[in-house]
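In what follows, residues are counted from 1 in the order of the sequence shown.
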Amino acid sequence: MEHPSQGSSGANGSLSPPTLSPSIPPFVKLGLTLAYTVFYSLLFSFIYAQLWLVLRYRHKRFSFQTAFLFLCLLWAALRALLFSFYFRDCVTANALGPFSFWLLYCFPVCLQFFTLSLMNLYCAQVSVCLCVKLSRHALMFSCVCRCPLNLLFVGVSLLFLLVNLTCALLVKMSHAQVKSVVLVRVAINDSLFVLGAVSLAVCLYKIAKMSLASIYLEAKGTSVCQVTLIGLMVILLYASRACYNLVVLALSNIESIDSFDYDWYNVSDQADLRSSLGDAGYVVFGVILFVWELLPTSLVVFFFRVRKPAQDRKYCLAT
């Protein structure tokens with residue numbers, strides 16, 4: 001877990017990016033790293049099994065369900081791969097090229113935003129489908145509403161991805177000021193997280209007020225209560241994560257962050273607090289991963305898990 005170059009000269013040490021190596025007992029670091037890797041690997045295995053069940057039960061291969069599961073599968077794979085490096089080869093993990101390092105450390109945060117956007121789109125289209133059933137011009141109403149919704153959420157997701165990638169590469173490959181670049185990235189990306197959470201709350205409120213919502217969702221193997229509960233928990237977790245980033249970054253001194261924002265910021269997109277947390281940093285980092293990454297992703301996977309097809313469904317979701 002510890003960087004082998006810590007005992008080298010000051011010049012060499014200054015060129016080496018910091019790693020996740022607080023001075024806590026080695027068995028604690030190994031145990032935590034093993035636990036993180038096992039959690040992500042188990043989640044990966046569960047999602048992989050769910051995708052096989054899609055084929056077995058002959059569900060639609062291109063749907064909201066498979067899109068969510070694939071995003072979560074990729075996210076779990078990247079996180080498991082990241083922590084597998086910290087068993088023996090953390091030097092390699094911190095010496096990757098710009099794009100590879102971004103893919104391993106930052107892209108999982110983009111995947112989580114994609115799931116939030118997709119959750120928004122799913123709830124918005126449920127609302128549209130319910131409105132269509134009450135409309136005399138169902139087909140025209142459906143087409144007019146769905147196209148702008150799809151374009152909006154695809155555009156927002158691309159904006160998040162481009163901002164994250166551009167800012168990361170600027171810090172790694174140019175002489176841009178780290179503080180300014182990180183401020184831009186956090187201000188834009190975490191504001192989008194907050195807006196996505198607010199938008200999801202509005203969609204859930206509209207669904208809960210519709211008379212056909214309970215019948216419609218029960219036909220899909222879920223209920224208004226379950227959708228609302230999971231949606232509210234996802235909103236709370238993502239909104240609190242974004243607000244934490246914005247507030248702490250405004251109050252912290254990030255001038256000392258090395259190139260490409262190593263440490264916590266790349267691993268969990270959190271403001272870098274390692275200097276103030278000291279030896280407890282790695283433990284708190286694990287708590288952050290569990291609360292703000294594993295928990296919301298697990299909730300999404302649970303909601304979109306594959307169910308046995310019902311014999312007779314009066315309503316079906318056009319996904």
Side-chain angles (χ1 to χ4, degrees), residues 46-47 49-73 114-154 156-157 195-239 295-319:
F46 178 78
I47 300 171
Q50 294 298 301
L51 289 173
W52 272 109
L53 289 177
V54 170
L55 298 178
R56 178 182 178 183
Y57 294 143
R58 297 182 180 180
H59 291 302
K60 295 180 65 174
R61 298 185 181 183
F62 299 99
S63 64
F64 277 109
Q65 183 180 51
T66 55
F68 273 110
L69 291 175
F70 180 78
L71 287 175
C72 293
L73 181 76
F114 296 162
T115 60
L116 178 61
S117 296
L118 205 58
M119 191 78 175
N120 270 279
L121 185 59
Y122 172 80
C123 291
Q125 290 205 7
V126 168
S127 178
V128 168
C129 287
L130 293 176
C131 291
V132 164
K133 294 181 183 297
L134 301 175
S135 174
R136 295 181 179 179
H137 306 285
L139 182 59
M140 182 181 67
F141 185 82
S142 177
C143 294
V144 169
C145 292
R146 286 190 178 189
C147 291
L149 283 175
N150 293 337
L151 292 176
L152 175 62
F153 288 109
V154 169
V156 171
S157 298
L195 290 175
V198 172
S199 173
L200 183 57
V202 173
C203 291
L204 291 174
Y205 176 75
K206 290 184 177 181
I207 291 174
K209 290 183 63 178
M210 293 181 176
S211 58
L212 288 177
S214 59
I215 301 175
Y216 185 88
L217 292 173
E218 285 174 4
K220 297 300 298 177
T222 184
S223 65
V224 175
C225 181
Q226 188 180 64
V227 171
T228 303
L229 180 61
I230 292 180
L232 289 177
M233 291 185 69
V234 170
I235 289 169
L236 178 62
L237 292 169
Y238 282 153
L295 187 55
T297 305
S298 299
L299 287 173
V300 171
V301 172
F302 172 78
F303 180 75
F304 287 98
R305 68 190 184 280
V306 178
R307 301 173 177 87
K308 291 184 178 180
Q311 296 297 325
D312 182 21
R313 286 183 176 174
K314 187 177 181 180
Y315 297 90
C316 62
L317 178 61
T319 57

**Q.** Gap separating the CG atom of L152 from the CG atom of L121, nearest 0.5 angstrom
**A.** 9.0 Å
Q: Could you tell me the separation between the CZ atom of F303 and the CE atom of M233, rounded to the nearest 0.5 Å?
A: 14.0 Å
Q: Search all heavy atoms of A197 against all heavy atoms of L116 and return the closest pair with its distance.
A: N-CD2, 4.1 Å
**Q.** side chain to side chain contact (heavy atoms under 4.5 Å, CB included) assessment of L55 paired with R61
**A.** CA-CA 7 Å; L55 298 178; R61 298 185 181 183; 3.5 Å; yes
Q. What heavy-atom pair brings V234 and P296 nearest, and what distance separates the two atoms?
A. CG2-O, 4.4 Å
Q: Output the distance between atom SG (C123) and atom CG (L118), rounded to the nearest 0.5 Å.
A: 10.0 Å
Q. Considering residues, nucleotides and ligands other than Y205, do more than 12 of their heavy atoms fall under 6.0 Å from its OH?
A. no
Q.
Can you give me the closest heavy-atom contact between V306 and Q65, atom names plus distance?
A. CA-NE2, 3.5 Å
Q | Contacts of type side chain to side chain donor-acceptor pair (under 3.5 Å), residue S157, not counting sequence neighbours | A | S117
(Q) How close do G196 and N120 get, counting heavy atoms only, and between which atoms? (A) O-ND2, 3.0 Å
**Q.** Closest approach of V54 to K60 (non-hydrogen atoms, all atoms of both residues)
**A.** CG1-O, 3.9 Å
(Q) Rounded at 0.5 Å granularity, tell me how far CZ in F62 sits from OG1 in T66. (A) 7.5 Å
Q: Tell me, please, which residues at least two apart from F304 pass ring pair (Phe, Tyr, Trp, His ring centres under 6.0 Å).
A: F68, Y122
Q: Kindly compute the distance separating OG1 (T297) from CD1 (I47), expressed to the nearest 0.5 Å.
A: 8.0 Å
Q.
Between L204 and I235, is the side chain to side chain contact (heavy atoms under 4.5 Å, CB included) condition met? List the steps.
A. CA-CA 11 Å; L204 291 174; I235 289 169; 4.0 Å; yes
Q) Nearest heavy-atom pair of A124 and L149: which atoms, and what distance? A) CB-CD1, 3.9 Å
Q.
Just to verify, what does T115 make a side chain to side chain donor-acceptor pair (under 3.5 Å) with, not counting sequence neighbours?
A. none
Q.
Can you tell me how far apart CG (L232) and CG (L237) are? Round to the nearest 0.5 Å.
A. 11.0 Å
**Q.** Side-chain donor or acceptor of H59 paired with backbone N/O of R307 under 3.5 Å
**A.** yes
